[in-house]
Protein chains: 2
Amino acid sequence: MAWKSRTPMAIGDIRDKRNKAVTGSLAGPHGGEAAQMSARTPEAEPLLTPAEVATMFRVDPKTVTRWAKAGKLTSIRTLGGHRRYRETEVRALLAGIPQQRSE
Amino acid sequence: MAWKSRTPMAIGDIRDKRNKAVTGSLAGPHGGEAAQMSARTPEAEPLLTPAEVATMFRVDPKTVTRWAKAGKLTSIRTLGGHRRYRETEVRALLAGIPQQRSE
DNA sequence: CGGAATTAGGGTAATTCGGGAC
DNA sequence: TTTGTCCGAATTACCCTAATTC
């Protein structure tokens, strides 16, 4: 956590340096996230950015990256290498619904 | 765990510090709740870390874990197994609002 | 094209988990 | 009965710079 780290900040201040305003509900990555809804999307699954998933789980975006790297979360990569996550999967995991596990 | 050694923060500040202004710039008159910009945001309930809940109750994080294990507190797990708690539930308990009792 | 914010990396410190005992 | 603390191991958070996104 970050309650008595190097930085003297209060308890609720987890990811703040990079996130401007994420109060209560998730904020878009750059403030303009209406990119998916405008165009007609034949078979587009709702995707979430790392910051959005991190906010939903109350963790750092880096942690979400580790989950993806560990295979705990399905990640779709952009052409630039950034990850996107399936909203349905994230919601299911948050709800405690066990996903397909090959273990 | 000597978590209460040096942590100069007030309990009242625990609630919503997730709003952070940019570096040195103005954060608006209120500086508090920001506005929601988009509607494309997945539903995310505010979650608290064990340390946050422990600070709010003035107890050890281990005690919060015991509460969760005893079913007195709803706990959501991260993919790594760490617990997160519902902010609304914690606040209600702190306010003395009786939750659902089994008996 | 330029600019601001986010993300990807890798490293290190802090927190949490789990069990069990006092 | 409840709470705090100790231990080892695992998970997570924060630091940096460069690349990507919009």
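Computed over heavy atoms, backbone and side chain alike; hydrogens, waters and symmetry mates excluded.
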Student: Measuring only between side-chain heavy atoms, which start at C-beta, is B/Val64 closer than 4.5 Å to B/Arg83?
Tutor: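 No, side chains not in contact.
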Student: Looking at the rings of A/Tyr85 and A/Trp67, which for Trp means the six-membered one, are their centres under 6.0 Å apart?
Tutor: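 When the ring centroids of A/Tyr85 and A/Trp67 are compared, they turn out to be at least 6.0 Å apart.
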Student: May I have the distance from B/Arg77 (atom CZ) to D/dT11 (atom P), rounded to whole angstrom?
Tutor: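 Rounded to the whole Å, the gap is 12 Å.
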Student: Mind checking who C/dC17 pairs with, Watson-Crick or G-U wobble, both distances under 3.5 Å?
Tutor: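 Paired with D/dG8.
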Student: Roughly, in whole Å, what's the span from CG in A/Leu73 to C1' in C/dA8?
Tutor: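 The distance from CG of A/Leu73 to C1' of C/dA8 comes to 16 Å, rounded to the nearest Å.
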Student: Determine which nucleotide pairs with D/dA13, using a 3.5 Å limit on both distances of a Watson-Crick or G-U wobble pair.
Tutor: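 C/dT12 is the nucleotide pairing with D/dA13.
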Student: With rounding to the nearest 0.5 Å, note down the distance linking OG1 in A/Thr74 to CZ in A/Arg86.
Tutor: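 If I round to the nearest 0.5 Å, the distance is 6.0 Å.
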Student: At less than 4.0 Å, is any side-chain N or O atom of B/Trp67 found next to OP1 or OP2 of D/dT2? Yes or no.
Tutor: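 No, B/Trp67 has no side-chain N/O under 4.0 Å of OP1/OP2 on D/dT2.
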Student: Take B/Gly81 and A/Leu79, find for each the nucleotide of DNA chain D with the closest heavy atom, and name the residue whose nucleotide sits nearer the 5' end.
Tutor: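 It is B/Gly81, whose closest nucleotide lies nearer the 5' terminus.
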Student: Using a 4.0 Å heavy-atom cut-off across all strands, classify A/Arg66 as base, sugar-phosphate, or nothing.
Tutor: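 Result for A/Arg66 = base.
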Student: Would you say the base of C/dG11 and the side-chain of A/Lys62 have a donor-acceptor pair closer than 3.5 Å?
Tutor: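 When only heavy-atom distances are counted, A/Lys62 does not reach the base of C/dG11 through any donor-acceptor pair under 3.5 Å.
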Student: Taking only Lys NZ, Arg NE, NH1 and NH2, and the carboxylate oxygens of Asp or Glu, determine whether A/Arg58 and B/Glu87 approach each other closer than 4.0 Å.
Tutor: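 Not counted as a salt bridge, because no side-chain N and carboxylate O are separated by less than 4.0 Å.
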Student: Side chain of B/Lys69, base of C/dG18: donor and acceptor closer than 3.5 Å?
Tutor: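 A donor-acceptor contact between them is absent.
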Student: For D/dT21, does either OP1 or OP2 sit under 4.0 Å from a side-chain N or O belonging to A/Thr78?
Tutor: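 Indeed, a polar side-chain atom of A/Thr78 lies that close.
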Student: Taking only the side-chain nitrogens and oxygens of A/Arg83, find out if one of them lies under 4.0 Å from OP1 or OP2 of C/dG9.
Tutor: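 For C/dG9, OP1/OP2 do have a side-chain N/O of A/Arg83 under 4.0 Å.
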Student: Answer with yes or no whether the side chains of A/Arg66 and A/Thr63 bring together a donor and an acceptor at under 3.5 Å.
Tutor: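 Side chains of A/Thr63 and A/Arg66: pair found under 3.5 Å.
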Student: Using whole Å, report how far CG of A/Asp60 lies from P of D/dC16.
Tutor: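 In whole Å, D/dC16 P and A/Asp60 CG are 14 Å from each other.
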Student: Rounded to whole angstroms, how far apart are NE2 on B/His82 and C1' on C/dG18?
Tutor: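 Going from B/His82 (NE2) to C/dG18 (C1'), I get 11 Å.
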Student: For C/dT16 and B/Thr65 - does any side-chain N or O of the residue sit under 4.0 Å from the phosphate oxygens OP1/OP2?
Tutor: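 Looking at the OP1 and OP2 atoms of C/dT16, neither is under 4.0 Å from any side-chain N or O of B/Thr65.
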Student: When you check the phosphate oxygens OP1 and OP2 of D/dT3, does a side-chain N or O of B/Thr63 lie under 4.0 Å from one of them?
Tutor: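 Answer no for this pair, as no side-chain N or O of B/Thr63 is under 4.0 Å from OP1 or OP2.
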Student: In whole angstrom, give the distance that lies between atom CZ of A/Phe57 and atom C1' of D/dA13.
Tutor: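 To the nearest whole Å, that distance equals 17 Å.
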